[in-house]
Each structure stands twice: as structure tokens, then as C-alpha cells.
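Keep in mind that the numbers below use all heavy atoms, side chains included, and drop hydrogens, waters and symmetry copies.
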Amino acid sequence: MRAEEIKADMDISSWPSDLAHEQWVKLPVSGARPSARYKHAAAVADEKLYITGGSRNGRYLSDIQVFDLRSLTWSSLKLNIEPSDDKSEDNGLQEVLPGISDHSMIKWENKLLLLGGNSKKSSDAMIVHFINLETHVCGVMETFGKIPVARGGHSVTLVGSKLIVFGGEDRSRKLLNDVHVLDLQTMIWFAVEATQTPPAPRYDHSAAVHSERYLLIFGGCSHSLFFNDLHVLDLQTMEWSQPQVQGDLVSPRAGHAGISVDEMFYIVGGGDNNNGCPETLALNMSKLVWSTLTTLKERHPLASEGSSICSVVIDGEKYLVAFGGYNGQYNKEVFVMKLKPRDLSHPKIFQSPAAAAAAASVTAAYALAKSEKLEFPQIIDLNFNGVEKIVPQKDISIELDAIKEEKKALESSIEEVRVENTRMREKIDELRSNHTELSKEFQSVQGQLISERSRCFKLETQIVELQKMLDSLKTVENKVQILGRQKSAMEEMELSSAQQEGSGGVWRWIAGGT
């Protein structure tokens, strides 16, 4: 299925309602457009598409471009430096926002958060920039804890109030497959120690979260291999797995764009350095089934590496929005796809045995509770020949008593689980309280350390000045000693001269007298 273009003479304000489902459409743009690019980052807020940074011809871009999905017009966002930022020279904010590429961007509350990426500004640890969408103030968010190393080509996924970072490539081109979590409420980093076999180290992959519990990692590449594998990290048990998938065959790719909408994981573009991937894929995360939504021409702008994809809701309908990329040439077109409404009542396939057992117990107890309200004069059963037979009331009573006993046992188990859950919640609340106190104490100690460092620096400066004064005093003492020796020598010479003059006078007096 090919991508179509909205006619220029149609009513722009009504374009969302005129689209067909699951078909890419190129939007007409009024006025100036931003420069073409790839490996940028994108996010949607208030029916506007925000594009940050990217790369073009080996140059890192630092502009912020905004596309209004209602008026179909581009504009540039002018940023301001954070007024209270005293470290602007150290964190690269002297130029408001440095040129950056291969980074990630997430919308959080009224901010856009930019994590990692490649730039000319060197940093050993991952930097988190922010852009306030209301004030247009840009700055660097101070983070604590075990901050991950700087990297690009990683993935960042939002789960509740936490950001999950996976993989990427560090500044020395080392490939990574580590997992880090940033708590956005405390701004503290945590390193995740997961079990089982993790994905191979990689970058330029895509990630999604299913049911607020399962992190999915798809594709990407190493320095020599391209992947089409799917890995799942259970965020409760912290266990990696590589489930079996069904459906259409998916070719290896990297640099593709991925986004999750409800229970679907959409993949657009990507490539293997030789060919672009022209198909748009959809993974049903509940059933683990791949399907191909569209297939475009090989040189189509959407068959690119380093493009971006976002989701947006307009007038109650859900859309995918794609921008940019590189497939032999840099692209700057905006494409949209209207998604089909889907039934969200499918059961979730990712479920631990304990969770499944608990769910089954609750379901059974609920069913039994309803059955007690019913009367059972007789139960009609079918034998294998299809002939009806009557089950005696006595047998029914015995079976019902057994079921009731089983129900009581299940209720007892459920109550034990509830009590244990209450205990666990209390422990979690206690740990959170301790964590908050420790965070405050850590910040207090950190402030004291900064103050002590400042005082030590002043003392070191005073010591250097005193040392200089001592050195100058030694020089003065040496000069005084030299002058003293010169004075003594002169006094001795004067004394000697006086003695000589006195002796000569006596002899002359004697000689004159005779």
C-alpha cells in the first residue's frame, strides 16, 4: 500500500476526519520548513510535534522545531537559559542547548526531557536536559545516585514516574546492554541487576512497555550484526526472556522508529546499511503476533534510518506521526497514519505463575460466591453418546459441600495473600520513608561537602599567599645578613685605618723632637 498525499485545495482544518485507516499520508505544509535531518528526537504535546536536534552532513543540530498538527505549519522554538543555573559554563548551557544527535526525548508533565546523545560537549555521565513547554526555559536537571555513563543510540521508556534506559553505545564506541532507572520524583538513578539471559549489547534499537510491567526490546545492531529478535524484561521479577513470536517474518533492522499505542507496538523504517525497510510493522504485545500494515517503495522517505515516530489523539482518533530520516538523502516530510480502533479486552499473555494462580483463585471464589445464590434442583449432564442423564440431588449436595470447602480454603489463601500484601505495603512505605530521609540527608551532606570544599579552597589560597610571604621574608633576611657583613667589614677597615694613622704621628713627634 502506498503513501498518499493530502490535496492542497482541501480544507486543512478537517484533514483528520478525511483519512483512511492504516494508510500513510503526507501532510501539506504551509510556510517555511525546518532543515532535513536524522537521528533527532521527537515528542507530541497539545497536538504539536516537537523536534529536537539531530544530525545532517556530520553536523549536530541544536534547534527546536514545532509542527502544529491543526494548522499544519512549522515554527521555531526560542529557548531561554535557566535563570538560577550557576553552572552554565560547565554543563554546556552557555549556548542554551548544545547540538545533539542520537538522543532520546520524553514528555513529562510540562517538560520535555532529553537524555544522552552525541555532541561536541564531552561528558562521562549521562546528562538530562529539560525544556519547559510553558516558559521555554532550558536547563540541566541535577540527578543523583548511580548515574549511567554517557551514550547514544539507547532507548528510553516511561513507566509511571520512572524512565527506563537500555543499551546504546558509549563515547568509546563500547556497546551496552545495561538497564538503568531514573525516578523522576526524586531524580535518583538506579542500576538494575536483571537475571536470565539479556539481549546482546546493541544500539539504535526500539523499546516499548506493555501493561506497565514488561519492557520489550526489538532489533538494533552491533558493529557488525543487525538484529530482528524480541526480548522481554519483567519489571517485577527483573527477569529477561526471549519469547516465541508468530505472524509475518520480520527482517533484521536498526535505526527504525518504534512507538506503543495501547497493546500494539508499531515499527517504521530502519535498515541494514544496504537497504531500507519499506514495511510498517505492528506487534500485538498480548498475543506476540507480528503483522505488516503497509509496504512502501524502497526509496520512500519512510523507508529510512534515524526517523522518528510519535502518537497523537485528535478528535478522539489515534494517529501515528513520522518525521525525518536518511535513505541516501535527508528527509523533512511529515507523514501521518490513522489507526484502527482495537478491542482492548484481550487477556495479557505476559503473566508470572504466581500472578496467574492468584487471578485464578479470585475468579474461582467470585464464581462460587455467585453459585451459592442459585438453586440446584438437578444438573443435566451429557454422556459421550449425547444422551441426557439426571444427576441425583444427593450427589449434588456432596459436590456442593466439597466446592464450598474448596471455596473456604481459597478464601483463606486469599486472606493470607492480602495480609502479606498489607505487610509488604507497610515495608514499602517504610522503605520509601527511609529513602526520602536518606535522600534529604544525602543532599544535606552534599551541600556540606560543597561548603567544606569551598572553605578548603580558600584555606589553600591563604596558605599559598603565606608561603609567598615566607619566601619573601627569607630573601629580606638574606639581604640583612649581607648588609650586616658589609657593615662589619667597613667598621674593621675604618678601625684599621685609624690605628695606622695614630702610630705614624708618634714617630713623627719623636723624630721632630730630636
* To do: Decide if the gap between the ring center of F166 and the ring center of H205 is smaller than 6.0 angstrom.
  => yes

* **D234/R213 under salt bridge (charged side-chain N to carboxylate O under 4.0 Å, His left out): CA gap, chis, key distance, verdict** => CA-CA 6 Å; D234 188 326; R213 174 172 174 177; 2.8 Å; yes

* To do: Take L176 and Y203 through the test side-chain contact (heavy atoms from CB on, under 4.5 Å) and record every step on the way to the result.
  => CA-CA 8 Å; L176 307 169; Y203 70 108; over 6 Å; no

* Asked: Is the count of non-hydrogen atoms from other residues, nucleotides or ligands lying under 6.0 Å from D124 atom CG greater than 12?
  -> no

* Asked: Considering residues, nucleotides and ligands other than Q446, do more than 12 of their heavy atoms fall under 6.0 Å from its CD?
  -> yes

* Asked: Got more than 12 heavy atoms from elsewhere within 6.0 Å of CD, E452?
  -> yes

* Structure fact -> Between H103 and the options V156, L114, L115, the side-chain contact (heavy atoms from CB on, under 4.5 Å) test singles out L114

* K318 side chain near D262 side chain, heavy-atom distance below 4.5 Å -> yes

* Do L77 and I131 have side chains that get closer than 4.5 Å, going by heavy atoms? -> yes

* To do: Evaluate the salt bridge (charged side-chain N to carboxylate O under 4.0 Å, His left out) criterion for residues E279 and R253: first the C-alpha distance (whole Å), next the side-chain angles of each, then the deciding distance (0.1 Å), finally the verdict.
  => CA-CA 11 Å; E279 65 271 16; R253 69 195 63 202; 2.5 Å; yes

* Check: I267 and W290 side chains under 4.5 Å, non-hydrogen atoms -> yes

* Near R171 CZ, under 6.0 Å, is it more than 12 heavy atoms from other residues, nucleotides or ligands? -> yes

* Answer yes or no: is there a side-chain heavy-atom contact under 4.5 Å between T73 and V29? => no

* To do: State, yes or no, whether a side-chain contact exists between V44 and V312 at a heavy-atom distance under 4.5 Å.
  => yes

* Asked: Can you say whether the rings of Y326 and Y38 are parallel (under 30°), tilted (30 to 60°) or perpendicular (over 60°)?
  -> tilted

* Which word best sums up how the rings of F265 and F218 line up, parallel for under 30°, tilted for 30 to 60°, or perpendicular for over 60°? -> perpendicular

* To do: List the steps, then state whether side-chain contact (heavy atoms from CB on, under 4.5 Å) holds for R299 with Q329.
  => CA-CA 10 Å; R299 304 297 294 179; Q329 65 178 8; 5.8 Å; no

* Dump the intermediate steps for salt bridge (charged side-chain N to carboxylate O under 4.0 Å, His left out) on K78 and D63, then the final yes or no. => CA-CA 8 Å; K78 303 300 180 183; D63 57 335; over 6 Å; no

* In terms of side-chain heavy atoms, does H154 have a donor or acceptor partner in E169 at a distance below 3.5 Å? -> no

* To do: Could you walk me through whether S222 and R202 pass the side-chain contact (heavy atoms from CB on, under 4.5 Å) test, one step at a time?
  => CA-CA 5 Å; S222 66; R202 65 190 64 199; 5.9 Å; no

* Asked: Does the salt bridge (charged side-chain N to carboxylate O under 4.0 Å, His left out) test come out yes or no for E333 and R33, once each step is laid out?
  -> CA-CA 9 Å; E333 304 294 343; R33 303 188 183 195; 3.0 Å; yes

* Evaluate the ring planes of W24 and F335, with Trp represented by its six-membered ring, and classify them as parallel (under 30°), tilted (30 to 60°) or perpendicular (over 60°). => perpendicular

* To do: Give the C-alpha distance, both sets of side-chain angles, the deciding distance and a yes or no for side-chain contact (heavy atoms from CB on, under 4.5 Å) between D315 and S17.
  => CA-CA 9 Å; D315 297 333; S17 60; over 6 Å; no

* Asked: Heavy-atom count around K107 NZ within 6.0 Å, excluding the residue itself: above 12?
  -> yes

* Can you measure from OH (Y319) to OG (S311) and round to the nearest 0.5 angstrom? => 13.0 Å

* Do the side chains of E305 and C277 get nearer than 4.5 Å, heavy atoms only? -> no

